[in-house]
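Structure record follows, encoded as structure tokens.
The basis for the numbers below is simple: all heavy atoms, side chains too, and nothing from hydrogens, waters or symmetry mates.
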Amino acid sequence: GEADSARVIRTRALGICRLSGGHEADAARLEALLAGAACPSPAEFPPLEFDTAIVLQFVEQDANLRRLQRKINELGFLQAWQDCLRQENKRDEIIHKCTNLLSRHFMVDEVDFFEILNQEEDADDGDLRLCMIQGDPVDAHERARFLIERFREWGPKFGFWEDGSSGRTGSYLPITYMGRTRFILWVMGERRSMTDEVHRVLVTAALQMTAAMELLKLQDKLLKAATIDALTGLSNRSEFLRRLDYYFKMAKRLGPIPKQEFCVLFMDLDNFKYVNDTWGHNAGDLLLKLFSETVGKILRSTDLVCRYGG
């Protein structure tokens, strides 16, 4: 019975060898092995020959293509970053859109944006406080403490932080303009994603954001200078005339609606010239400031107080 089983297995094995591509040499070797004869040696393949210089050339071309692709990605990110800075004219909108863009483009774990609240020239470092504007609120206090330490170490300079135990790295990106550091952008991730090259791109983006934020600050100052009286802090004459023209046009358009009625009240300080001539113009300026503060306290938030002349 065992001999019959062996013959059946032998027949099936030979059939499989012939059906799997018609390899007669394999079938012959198997038949000789089953018969107890010496198995013929398999066919020898010639050795492969290749040019080492060509292989190295292909490797170098592949590396160049990878570097080129990284540069293209960097330029694409910086272009999108500049678009965000150029299209928005409000600080919080710029911060929100730019940090979201950064999170989508790079494989990072944290993107936080902190504002330095009380960094004055005579302030104690122990009183330094950070307020998160954008980022994950979980453990925000601990990250703020960590960034205060980095700020004391690096100040307005860009820094690259590495943690050897966890394999994580971070980019410390201060936003400094008009003489002081006002914000800190912090980006952290695994070492394989937060490389020195990524840090270099982030530094470029931070410099662009610094220029945009400074421009917004200057525009705000120019706007205030054009509409606000420097001495009293009230709206100036040009702002008064602009608002008055607006109220007249609205009243003319809407007609005699009681809620659209408005009034204009002029006030003058009696004997103001006497104050200037007797105690000097500094005393007169102080009187104007006190009068402006008093009037501002008793009016409604919808009212407009202006310094028309003087």
Side-chain angles (χ1 to χ4, degrees), residues 63-117 119 130-138 140 143-144 146-147 150-151 154-161 168-227:
N64 290 336
L65 289 175
R66 291 177 183 272
R67 284 194 293 267
L68 178 61
Q69 186 60 50
R70 286 197 297 268
K71 293 297 181 183
I72 293 174
N73 293 339
E74 291 176 9
L75 292 176
F77 165 74
L78 291 176
Q79 181 62 51
W81 184 271
Q82 290 178 356
D83 291 340
C84 289
L85 297 176
R86 184 171 56 251
Q87 294 170 3
E88 299 298 332
N89 57 3
K90 294 183 179 180
R91 187 201 71 174
D92 291 346
E93 287 296 325
I94 288 178
I95 295 173
H96 175 72
K97 289 192 174 182
C98 286
T99 51
N100 286 341
L101 173 65
L102 199 156
S103 300
R104 294 194 305 269
H105 189 85
F106 296 102
M107 298 177 60
V108 295
D109 300 332
E110 296 180 12
V111 179
D112 301 318
F113 204 95
F114 286 86
E115 180 179 8
I116 301 179
L117 296 180
Q119 188 207 350
L130 299 182
C131 176
M132 175 178 283
I133 300 179
Q134 188 76 17
D136 188 358
V138 179
R143 289 201 297 279
F146 171 81
L147 289 179
R150 303 285 77 74
F151 177 76
W154 291 322
K157 299 179 181 180
F158 297 107
F160 188 67
W161 175 82
R168 294 161 64 85
T169 59
S171 289
Y172 168 86
L173 307 166
I175 308 299
T176 304
Y177 56 91
M178 293 185 178
R180 73 181 180 93
T181 302
R182 301 172 183 270
F183 306 96
I184 296 176
L185 175 59
W186 171 251
V187 184
M188 187 170 69
E190 298 293 334
R191 186 66 177 89
R192 62 178 180 271
S193 58
M194 276 296 299
T195 61
D196 297 337
E197 189 173 0
V198 172
H199 175 69
R200 178 182 55 79
V201 176
L202 294 179
V203 168
T204 302
L207 291 174
Q208 294 176 353
M209 175 177 277
T210 297
M213 302 285 269
E214 185 174 15
L215 180 60
L216 284 180
K217 193 70 175 179
L218 291 174
Q219 290 176 347
D220 185 59
K221 283 190 172 183
L222 289 175
L223 180 62
K224 288 184 178 180
T227 59

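Here the two rings, on Phe146 and Trp161, have centers that are under 6.0 Å apart.
Separating the CG atom in Leu130 from the CH2 atom in Trp186 is a distance of 12.5 Å, to the nearest 0.5 Å. Residue Ser103 holds its OG atom at 10.5 Å from CG of Asp136, rounded to the nearest 0.5 Å. Between Leu85 atom CG and Leu216 atom CG the span is 9.0 Å, to the nearest 0.5 Å. With rounding to the nearest 0.5 angstrom, the CD atom of Gln208 is 11.0 Å from the SG atom of Cys84. The CG atom of Leu173 sits 10.0 Å away from the CD1 atom of Ile184 when rounded to the nearest 0.5 Å. With rounding to the nearest 0.5 angstrom, the CD atom of Gln219 is 12.5 Å from the NZ atom of Lys217.
Under the 4.0 Å criterion applied to side-chain N and carboxylate O atoms, Lys90 and Asp220 are not assigned as salt-bridge partners. Salt-bridge check for Arg168 with Asp109: passed, with a basic side-chain N closer than 4.0 Å to an acidic carboxylate O. Taking a cutoff of 4.0 Å between a charged side-chain nitrogen and a carboxylate oxygen, Arg91 and Glu115 qualify as a salt bridge.
Considering every non-hydrogen atom in both Phe114 and Ala144, the closest pair reads CE2-CB, 3.9 Å. Minimum heavy-atom separation, Ser171 to Met194: OG-CE, 3.2 Å.
At distances below 3.5 Å, at least one donor-acceptor pair connects side-chain atoms of Tyr172 with backbone N or O atoms of Gly155. Under a 3.5 Å cut-off, the side chain of Thr181 and the backbone N or O of Thr176 do not form any donor-acceptor pair. Formation of a donor-acceptor pair under 3.5 Å by the Thr210 side chain with backbone atoms of Ala206 is found in this model.
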*Could you go step by step and tell me if Val111 and Met188 meet the side-chain contact (heavy atoms from CB on, under 4.5 Å) rule?*
CA-CA 7 Å; Val111 179; Met188 187 170 69; over 6 Å; no
*Which is it for Phe183 and Phe113 under the ring-ring contact (aromatic ring centres under 6.0 Å, His included) test, yes or no, and what are the steps along the way?*
CA-CA 7 Å; Phe183 306 96; Phe113 204 95; 5.5 Å; yes
_For Thr99 and Leu185: C-alpha separation, side-chain torsions, deciding distance, then whether side-chain contact (heavy atoms from CB on, under 4.5 Å) applies._
CA-CA 9 Å; Thr99 51; Leu185 175 59; 4.3 Å; yes
*Assess whether side-chain contact (heavy atoms from CB on, under 4.5 Å) is satisfied between Phe106 and Leu202, documenting all intermediate values.*
CA-CA 10 Å; Phe106 296 102; Leu202 294 179; 3.9 Å; yes
*What do the steps show when you test Arg191 against Thr169 for side-chain contact (heavy atoms from CB on, under 4.5 Å), and what is the final call?*
CA-CA 6 Å; Arg191 186 66 177 89; Thr169 59; 3.0 Å; yes
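A heavy-atom distance below 4.5 Å is not found between the side chains of Met209 and Tyr177. Counting heavy atoms from C-beta outward, Asp112 and Met132 have side chains that approach closer than 4.5 Å. In this structure the side chain of Pro174 never reaches within 4.5 angstrom of the side chain of Phe151, judged on heavy atoms.
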Please list every donor-acceptor pair under 3.5 Å in which a side-chain atom of residues 74-83 meets a protein atom from a residue at least two apart or in another chain.
residue: Glu74; atom: OE1; partner: Arg200; partner atom: NH2; Å: 3.3
residue: Glu74; atom: OE2; partner: Arg200; partner atom: NH2; Å: 3.4
residue: Gln79; atom: NE2; partner: Asp83; partner atom: OD1; Å: 3.2
residue: Trp81; atom: NE1; partner: Ala205; partner atom: O; Å: 3.0
residue: Asp83; atom: OD1; partner: Arg86; partner atom: NH2; Å: 2.3

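Applying the ring pair (Phe, Tyr, Trp, His ring centres under 6.0 Å) test to pairs two or more places apart or on separate chains, those with a residue in residues 187-221 are Phe160-His199.
Of the residues His96, Lys97, Arg104, the one that meets the side chain to side chain donor-acceptor pair (under 3.5 Å) test with Asn100 is His96.
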